[in-house]
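Please read the structure below before turning to the comments.
The figures that follow rest on heavy atoms only: side chains count, while hydrogens, waters and symmetry mates do not.
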Amino acid sequence: MGGNQISKKGYDELSRQLKHLKTGKRREIAKAVNEAREQGDLRENAGYHEARKEQSLIESKIKELESRLKMAEIVEDEEKVKDIVSRGSKVKYMILDTKDVREYTIVSELEANALEKKISETTPVGSALMGAKKGDVLEVLAPMGVMKIKVMGVD
């Protein structure tokens, strides 16, 4: 699997995020910077400094998304075989040592976003889960050592 592969749905979502940042957010931040600038002395203007910081973060995110989309290779989602983990599957699993239950969608590297519960098929857990089915117990070589996980469900 190449690190630049992305589903059509994932590509469209990243494009939507980029458009939102470039149009709405960029204008919103520029307005906040201008309003703060009008308040006078910029050295002691916390609002101005905060707006500039947010403006910098938005511009960095725009550059990151543009780069990811430029490198992206759109691939079709694999034909889903019922109950077997593949890209696009939502997987519920338990870490056996801690009994911690987690649920993630397996995606390409470009689509991965831990906050949205999307993990890459190239991560240790994502890679171990590929091809697994409900009931399988897997050993995952993670940064903190080997952990055993049990697949609780696949959608």
Review item, side-chain donor-acceptor pairs of residues 22-30, under 3.5 Å, at least two apart:
unit_1: Lys22; atom_1: NZ; unit_2: Glu66; atom_2: OE2; d: 2.8
unit_1: Thr23; atom_1: OG1; unit_2: Lys19; atom_2: O; d: 2.7
unit_1: Lys25; atom_1: NZ; unit_2: Glu28; atom_2: OE2; d: 3.4
unit_1: Arg26; atom_1: NE; unit_2: Glu59; atom_2: OE2; d: 2.9
unit_1: Arg26; atom_1: NH2; unit_2: Glu59; atom_2: OE1; d: 2.9
unit_1: Arg27; atom_1: NE; unit_2: Thr23; atom_2: O; d: 3.2

- Could you state the interatomic distance from OG (Ser15) to CG (Leu69), rounded to the nearest 0.5 Å? 4.5 Å
- Message: Determine whether Asp12 and Lys8 satisfy the following criterion, salt bridge (Lys or Arg N to Asp or Glu O under 4.0 Å), listing intermediate values before the conclusion.
- Response: CA-CA 6 Å; Asp12 290 345; Lys8 174 75 170 115; 2.8 Å; yes
- Distance (rounded to the nearest 0.5 Å) between Tyr11 OH and Arg16 CZ: 14.5 Å
- State which residues pass side-chain hydrogen bond (donor to acceptor under 3.5 Å, both in side chains) with Gln17; sequence neighbours excluded, sorted by chain then number. Glu13
- Looking at CD of Glu103 and NZ of Lys117, how far apart are the two atoms once the value is rounded to the nearest 0.5 Å? 8.5 Å
- Ser120: partners by side-chain hydrogen bond (donor to acceptor under 3.5 Å, both in side chains), with sequence neighbours left out: Thr122
- Message: I need the minimum non-hydrogen distance between Arg87 and Met130, along with the two atoms involved.
- Response: N-CE, 3.7 Å
- Message: Please evaluate residues Tyr104 and Val91 with respect to the criterion side chain to side chain contact (heavy atoms under 4.5 Å, CB included), reporting the C-alpha separation (whole Å), side-chain torsions for both, the decisive distance (0.1 Å), and the verdict.
- Response: CA-CA 5 Å; Tyr104 287 97; Val91 184; 5.9 Å; no
- Message: Do the side chains of Lys118 and Glu111 get close enough for a salt bridge, i.e. N-O under 4.0 angstrom?
- Response: no
- Note on the structure: What one should report as the nearest heavy-atom pair of Ala128 and Ala132 is O-CB, 4.4 Å
- Leu57: partners by side chain to side chain contact (heavy atoms under 4.5 Å, CB included), with sequence neighbours left out: none
- Query: Are Val33 and Leu21 connected, step by step, through hydrophobic side chains (Ile, Leu, Val, Met, Phe, Trp, Tyr) whose heavy atoms are closer than 4.5 Å?
  - Reply: yes
- Task: Nearest 0.5 Å please: distance from the OG atom of Ser56 over to the NZ atom of Lys61.
- Result: 14.0 Å
- Item | Shared hydrophobic cluster, Val125 / Val154 (ILVMFWY, side-chain heavy atoms < 4.5 Å) | yes
- Sequence neighbours left out, what passes side chain to side chain contact (heavy atoms under 4.5 Å, CB included) with Thr98? Give chain and number order. Ile95, Asp100
- Message: Quick one: does any side-chain atom of Thr123 pair with a main-chain N or O of Ile119 as donor and acceptor, under 3.5 Å?
- Response: no
- If you look at every heavy atom in Lys99 and Leu96, which pair is closest and at what distance? NZ-O, 3.3 Å
- Item | Flag, side chain of Ser67 to backbone of Lys63, donor-acceptor distance under 3.5 Å | no
Please tabulate, for the side chains in residues 133-152, all donor-acceptor contacts under 3.5 angstrom to protein atoms that are two or more places apart in sequence or on a different chain.
unit_1: Asp136; atom_1: OD2; unit_2: Lys133; atom_2: N; d: 3.0

- Here the gap from Ile58 atom CD1 to Lys53 atom NZ, rounded to the nearest 0.5 Å, amounts to 13.0 Å
